[in-house]
Novice: 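Take this structure first; my questions come after.
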Amino acid sequence: MANETNNFQELISHCKEYGYIFQSSELYDGLAAVYDYGQMGSQLKKNIRDYWWKSMTQLQENIVGIDAAIFMHPTVWKASGHVDSFSDPMIDNKDSNKRYRVDHLIEEYAETLDTQARDSLIATMEKLLAADDMVGVKQLIDENKIKCSVSKTSNWTEVRQFNLMFDTQIGSIAGESDKIYLRPETAQGIFVNFLNVQKTGRMKIPFGIAQTGKAFRNEIVARQFIFRMREFEQMEMQFFIRPGTQKQWYDYWKEERLKWHESLGIPASKLRFHDHVKLAHYADAALDIEFEFPFGFKELEGIHSRTDYDLTRHATFSKKKIQYFDNELNEEGKPFGNYTPYVIETSVGLDRLFLTIMSLAYTEEKWLKEDGSDDSRVVLKIPAMIAPTKLAILPLVKKDGLPEIAKELMNECKGSFMCFYEEKDAIGKRYRRMDAIGTPFCVTIDHQTKEDNTVTIRYRDDMRQERILLKDVKKLVLEKLI
RNA sequence: GCGGAAGUAGCUCAUUUGGUAGAGCGGUAGCCUUCCAAGCUUCAGGUGGCCGGUUCGAGCCCGGUCUUCCGCUCCA
């Protein structure tokens with residue numbers, strides 16, 4: 001095509017206009033950083049999820065899937081480290097508008113004091129933080145006249161606790177003991193089920209457990225459309241391995257996952273690895289697979305070498321033994337024996353992958369018609385394999401028996417893939433509508449169909465048309481969906 | 001969370017000092033039967049984001065609030 005453009009703002013509008021994504025509760029002016037998937041979007045999202053699920057379970061002989069609940073025992077999040085490290089007390093300076101983590105602010109100030117005063121201050125701070133005494137922490141800042149490094153003033157807001165986990169109550173009596181969290185990651189559902197799956201599935205290491213599902217984070221700033229939402233869906237797999245082999249498996253999954261993204265039609269030039277410099281508390285290696293979004297290279301999937309951190313922590317907190325007996329023989333001819341498996345995690349953001357697919361698919365095309373006038377279209381070049389609607393069935397006119405033939409074809413195909421029937425408006429207009437929602441194939445039944453049982457199939461991406469036998473339509477579409 | 005900007009029909013936008021809110025596209029129903037949106041006719045969409053204030057009168061002025069965008073901050 002002569003002219004193609006790709007614009008993020010246009011994409012967002014398009015997603016709404018054609019039923020892909022709506023803002024949550026839009027009727028009530030919306031809810032920040034929460035979005036709903038519409039009639040087209042939910043199907044595309046499902047198709048992406050299904051593709052992932054198939055490639056991670058059905059096509060893998062040593063990976064099985066589970067579906068753990070969102071609600072989990074509160075101690076899970078103590079064991080995982082989220083209760084302690086997922087919340088930060090913050091304070092803002094009203095003059096410079098600079099925000100500080102309170103502990104960092106006080107520690108920085110403490111560095112300027114002599115040893116004795118410093119240790120005393122830090123100890124006081126830690127005591128107050130441990131007791132969640134935010135008023136006391138604020139007093140401590142005031143008493144020490146700690147100043148902002150930018151504005152040099154002590155004009156502070158109150159200390160506020162930003163816990164990234166949402167909580168709610170379970171049971172009929174509200175109280176601290178009933179507080180449960182909405183999971184901030186799906187991974188823990190797999191770790192706490194490690195023994196269940198390993199034993200009932202008679203799994204042998206190395207093996208993996210896959211899962212897709214919602215997770216929730218109370219992000220302070222959530223932006224960039226569905227890139228960072230408060231409620232989002234993860235597709236992740238935890239791969240359990242023998243200690244010492246983590247480097248090898250980390251490298252294996254890193255390459256496998258990159259290849260997988262490329263299999264979805266994502267160009268290699270728009271994907272890259274980004275190694276984490278600062279590692280999370282549980283990891284001994286971590287990287288992101290980044291995609292070049294319209295707003296820059298950002299994380300699409302994380303690959304983490306989580307060591308035995310999670311299983312060990314759950315063993316400690318639950319006071320249960322979480323180990324695996326490895327019957328395979330080592331170099332000395334003896335079984336590897338009992339150990340706590342190491343874990344390689346692959347975790348994709350389904351919503352981010354959705355955004356990736358859409359930002360690649362969204363295309364505005366302009367060209368000159370034969371008579372010299374302008375023509376244009378907006379087309380979603382979603383890979384046929386995951387497109388929400390696969391085939392549009394269009395009688396050229398709505399009389400002369402053409403709709404009857406079309407409906408017969410509809411009945412033949414709709415059991416095998418998503419079809420769309422439309423008999424209104426000029427054929428060109430209908431093609432444009434199908435372009436806009438990303439339907440890869442359109443079949444038009446015309447008067448010639450009645451004579452020789454052929455139809456026109458029209459391809460979305462290049463608008464090419466060819467004449468095929470009516471009876472071959474279903475087979476041809478099915479072939480193109482692989 | 002802070003600062004800046006914005007919010008009028010599904011979309012893109014008008015409404016020149018405050019005086020009854022319009023158009024194009026899109027949608028609907030029909031005509032026409034045409035293989036790439038373009039003809040004709042019909043109809044339906046807005047308490048001007050929401051709440052309050054000033055005023056005889058507010059889409060327009062003021063305050064608050066919600067949402068979005070940009071920058072900062074944050075993102076175990």
Side-chain angles (χ1 to χ4, degrees), chain A residues 8-10 12-14 16-19 22-35 77 80-88 90-101 104 150-151 157-158 160 162-165 184-185 187 217-225 227-230 276 278-283 286 288 295 298-299 302 304 365 367 369-371 373-379 394-400 402 423-436 442-449 455-460 462-467:
Chain A
F8 190 48
Q9 288 310 315
E10 300 294 327
I12 295 172
S13 303
H14 193 87
K16 187 198 166 186
E17 191 163 356
Y18 289 94
F22 307 120
Q23 175 143 39
S24 165
S25 316
E26 195 192 12
L27 195 62
Y28 293 96
D29 296 328
L31 185 63
V34 186
Y35 291 88
W77 305 112
S80 71
H82 286 82
V83 170
D84 292 328
S85 64
F86 218 59
S87 75
D88 297 315
M90 308 289 283
I91 193 167
D92 293 346
N93 183 276
K94 291 179 186 170
D95 298 315
S96 63
N97 290 322
K98 190 164 164 52
R99 167 168 298 167
Y100 295 87
R101 266 179 63 171
H104 289 176
V150 176
S151 67
T157 61
E158 293 306 303
R160 281 166 294 187
F162 288 92
N163 192 321
L164 269 71
M165 284 196 290
E185 64 172 25
R217 292 183 193 182
N218 197 3
E219 302 282 356
I220 299 167
V221 172
R223 286 263 181 89
Q224 273 136 355
F225 198 37
F227 182 79
R228 178 166 288 124
M229 295 193 289
R230 297 211 160 91
H276 286 205
K278 199 180 130 207
L279 295 171
H281 56 270
Y282 52 72
D288 293 338
F295 40 85
K298 299 280 182 186
E299 178 186 357
H304 293 207
E365 292 179 348
W367 66 94
K369 287 198 282 196
E370 283 174 14
D371 66 5
S373 62
D374 289 334
D375 207 350
S376 67
R377 65 170 183 161
V378 173
V379 53
L394 316 168
L396 188 62
V397 296
K398 55 181 161 188
K399 60 179 187 184
D400 304 331
L402 302 189
E423 58 185 35
K424 217 188 122 45
D425 290 320
I427 191 67
K429 195 172 210 168
R430 282 180 271 169
Y431 285 156
R432 286 295 193 281
R433 276 201 281 253
M434 289 303 105
D435 288 342
C442 293
V443 157
T444 301
I445 286 92
D446 59 15
H447 293 94
Q448 195 187 327
T449 308
V455 294
T456 304
I457 185 162
R458 182 261 194 190
Y459 300 98
R460 176 196 64 199
D462 53 10
M463 301 169 72
R464 186 168 52 87
Q465 304 193 19
E466 60 184 352
R467 201 85 198 167

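Numbered from 1 within each chain, the chains take letters A, B, ... in sequence-line order. As the structure is a computational prediction, the values presented were derived from the model and not from experiment.
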Novice: Determine the interatomic distance between C1' on rC25(B) and the same-named atom on rG45(B); round to the nearest Å.
Specialist: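 Rounded to whole Å, the distance is 14 Å.
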
Novice: Separation of Glu10(A) atom CD from rC25(B) atom P, in whole Å?
Specialist: 19 Å

Novice: Donor-acceptor pair, Asp462(A) side chain versus Arg464(A) backbone, under 3.5 Å?
Specialist: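 Between the backbone of Arg464(A) and the side chain of Asp462(A) there is a qualifying donor-acceptor contact (under 3.5 Å).
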
Novice: Under the rule for side-chain hydrogen bond (donor to acceptor under 3.5 Å, both in side chains), what residues qualify as partners of Gln23(A), not counting sequence neighbours?
Specialist: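 If we apply the side-chain hydrogen bond (donor to acceptor under 3.5 Å, both in side chains) test to Gln23(A), skipping adjacent residues, there are no hits.
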
Novice: Determine the contact category for Arg460(A): base if any of its heavy atoms lies under 4.0 Å from a base atom, sugar-phosphate if only primed atoms, P, OP1 or OP2 are that close, otherwise nothing.
Specialist: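 No contact at all - Arg460(A) keeps every heavy atom at 4.0 Å or more from the nucleic acid.
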
Novice: Test of understanding: with ring-ring contact (aromatic ring centres under 6.0 Å, His included), list the residues that count as partners of Tyr35(A), not counting sequence neighbours.
Specialist: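 Per chain and number, Tyr35(A) pairs via ring-ring contact (aromatic ring centres under 6.0 Å, His included) with Phe225(A).
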
Novice: What integer distance in Å separates Glu365(A):CD from rA37(B):P?
Specialist: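 That distance rounds to 13 Å.
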
Novice: Is a donor-acceptor contact shorter than 3.5 angstrom present between the side chain of Arg228(A) and the base of rC75(B)?
Specialist: yes

Novice: Do any side-chain nitrogens or oxygens of Gln465(A) fall under 4.0 Å of OP1 or OP2 in rC36(B)?
Specialist: no

Novice: Run the side-chain hydrogen bond (donor to acceptor under 3.5 Å, both in side chains) test against Arg460(A) and tell me which residues pass, sequence neighbours left out.
Specialist: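 Expected list: none.
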
Novice: Establish, with yes or no, whether the OP1 or OP2 oxygen of rG27(B) is under 4.0 angstrom from a side-chain nitrogen or oxygen of Lys429(A).
Specialist: yes

Novice: Which of the following nucleotides, rU68(B), rC35(B), rG26(B), is nearest to the side chain of Tyr431(A)?
Specialist: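 Closest nucleotide among those given: rC35(B).
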
Novice: Determine the contact category for Asp400(A): base if any of its heavy atoms lies under 4.0 Å from a base atom, sugar-phosphate if only primed atoms, P, OP1 or OP2 are that close, otherwise nothing.
Specialist: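 Contact class for Asp400(A): none.
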
Novice: Please figure out whether Gly428(A) or Tyr35(A) has its closest RNA chain B nucleotide nearer the 5' end.
Specialist: Gly428(A)

Novice: How many whole angstroms separate atom CD1 of Ile457(A) from atom C1' of rC36(B)?
Specialist: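 After rounding, the gap between these two atoms is 15 Å.
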
Novice: Let me have RNA chain B in dot-bracket notation, would you? Count Watson-Crick plus G-U wobble pairs, both distances under 3.5 Å, and use [ ] for pairs crossing earlier ones and | for inter-strand partners.
Specialist: (((((((..((((.....[..)))).(.(((.......))).).....(((((..]....))))))))))))....

Novice: Can rG45(B) be described as syn, meaning its chi torsion is within 90° of 0, or is it anti?
Specialist: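 In terms of base orientation relative to the sugar, rG45(B) is syn.
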
Novice: With sequence neighbours left out, what residues match Thr456(A) under side-chain contact (heavy atoms from CB on, under 4.5 Å)?
Specialist: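 side-chain contact (heavy atoms from CB on, under 4.5 Å) check on Thr456(A) returns Thr444(A), Asp446(A), Gln465(A), Arg467(A).
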
Novice: Rounded off to whole Å, could you give me the CG-to-P distance for the Asn218(A) and rC74(B) pair?
Specialist: 17 Å

Novice: On the side chain of Arg458(A), is there an atom forming a donor-acceptor pair with the base of rC36(B) - under 3.5 Å, no angle test?
Specialist: yes

Novice: Residues two or more places apart in sequence or in another chain: which of them pass ring-ring contact (aromatic ring centres under 6.0 Å, His included) with His276(A)?
Specialist: His304(A)

Novice: Taking the C1' atom of each, how far is rG52(B) from rA38(B), in whole Å?
Specialist: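 Pairwise C1' distance, rG52(B) against rA38(B), rounds to 48 Å.
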
Novice: Between atom NZ in Lys424(A) and atom C1' in rU42(B), what is the gap in whole Å?
Specialist: 11 Å

Novice: Write down the atom of Cys442(A), the atom of Tyr431(A), and the distance for their closest heavy-atom approach.
Specialist: CB-CE2, 3.7 Å

Novice: On RNA chain B, does the nearest nucleotide to Arg433(A) precede the nearest nucleotide to His447(A) from the 5' side, or the other way round? Give the residue.
Specialist: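 Taking each residue's closest nucleotide, the earlier one in sequence belongs to Arg433(A).
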
Novice: Could you tell me how far rC72(B) sits from rG10(B) if I compare only their P atoms? Round to whole Å.
Specialist: 35 Å

Novice: What nucleotide, of rC36(B), rU33(B), rG27(B), holds the atom closest to the side chain of Lys399(A)?
Specialist: rU33(B)

Novice: Polar-atom pairs under 3.5 Å, protein N or O versus N or O of nucleotides 11-13 of chain B: list them with distances, or write none.
Specialist:
unit_1: rC11(B); atom_1: OP1; unit_2: Lys16(A); atom_2: NZ; d: 3.1

Novice: Under the rule for side-chain contact (heavy atoms from CB on, under 4.5 Å), what residues qualify as partners of Glu299(A), not counting sequence neighbours?
Specialist: Asp288(A), Arg352(A)

Novice: Could you tell me the separation between the CD atom of Gln23(A) and the C1' atom of rC69(B), rounded to a whole number of Å?
Specialist: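 In whole Å, rC69(B) C1' and Gln23(A) CD are 12 Å from each other.
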
Novice: Taking all non-hydrogen atoms of both residues into account, name the closest pair between Lys424(A) and Arg433(A) and its distance.
Specialist: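 So the minimum-distance heavy-atom pair works out to O-NH2, 3.7 Å.
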
Novice: Looking only at atom P, what distance separates rU65(B) and rC70(B), rounded to whole Å?
Specialist: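 Comparing P positions in rU65(B) and rC70(B) gives a spacing of 22 Å.
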
Novice: Among residues at least two apart in sequence or on other chains, which ones pass side-chain contact (heavy atoms from CB on, under 4.5 Å) with Val378(A)?
Specialist: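 side-chain contact (heavy atoms from CB on, under 4.5 Å) list for Val378(A), sorted by chain: His14(A), Tyr362(A), Glu364(A).
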
Novice: In whole Å, what separates the P atom of rU16(B) from that of rA29(B)?
Specialist: 37 Å

Novice: I want to verify a distance call: between rA37(B), rU28(B), rC35(B), whose nearest atom is closest to the Arg467(A) side chain?
Specialist: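 From the listed options, rC35(B) comes nearest.
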
Novice: rG27(B), rA37(B), rG30(B): which one has an atom nearest the side-chain heavy atoms of Arg432(A)?
Specialist: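 Nearest listed nucleotide: rA37(B).
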
Novice: Classify the nucleic acid contact of Leu396(A) as base, sugar-phosphate or nothing, counting any heavy atom under 4.0 Å across all strands shown.
Specialist: base

Novice: Identify whether any heavy atom of Asp435(A) sits under 4.0 Å from a base atom; if not, whether one sits that close to sugar-phosphate; answer base, sugar-phosphate or nothing.
Specialist: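 If one applies the 4.0 Å heavy-atom cut-off, Asp435(A) turns out to touch nothing in the nucleic acid.
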
Novice: What distance, rounded to whole Å, do you find between the two C1' atoms, one in rA9(B) and one in rU17(B)?
Specialist: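 My reading of the C1' atoms in rA9(B) and rU17(B) gives 28 Å.
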
Novice: Suppose you measure atom P in rU42(B) against the same atom in rA58(B); what distance do you get, rounded to whole Å?
Specialist: 35 Å

Novice: Does the Arg432(A) side chain pair with the main chain of Arg377(A), one donor and one acceptor, at a distance under 3.5 Å?
Specialist: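 No, Arg432(A) side chain to Arg377(A) backbone: no donor-acceptor pair under 3.5 Å.
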
Novice: Does the Arg430(A) side chain pair with the main chain of Pro395(A), one donor and one acceptor, at a distance under 3.5 Å?
Specialist: yes

Novice: Rounded to whole Å, how long is the line connecting atom CD of Glu185(A) with atom C1' of rC75(B)?
Specialist: 14 Å

Novice: Rounded to the Å, how far apart are Asp425(A) CG and rG26(B) P?
Specialist: 9 Å

Novice: Closer than 4.0 Å, any side-chain N/O of Arg464(A) to the OP1 or OP2 of rC36(B)?
Specialist: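 Arg464(A) to rC36(B) OP1/OP2: no side-chain N or O under 4.0 Å.
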
Novice: With rounding to the closest Å, how many angstrom separate the P atoms on rA21(B) and rU47(B)?
Specialist: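 Per the computed distance, 13 Å lies between those P atoms.
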
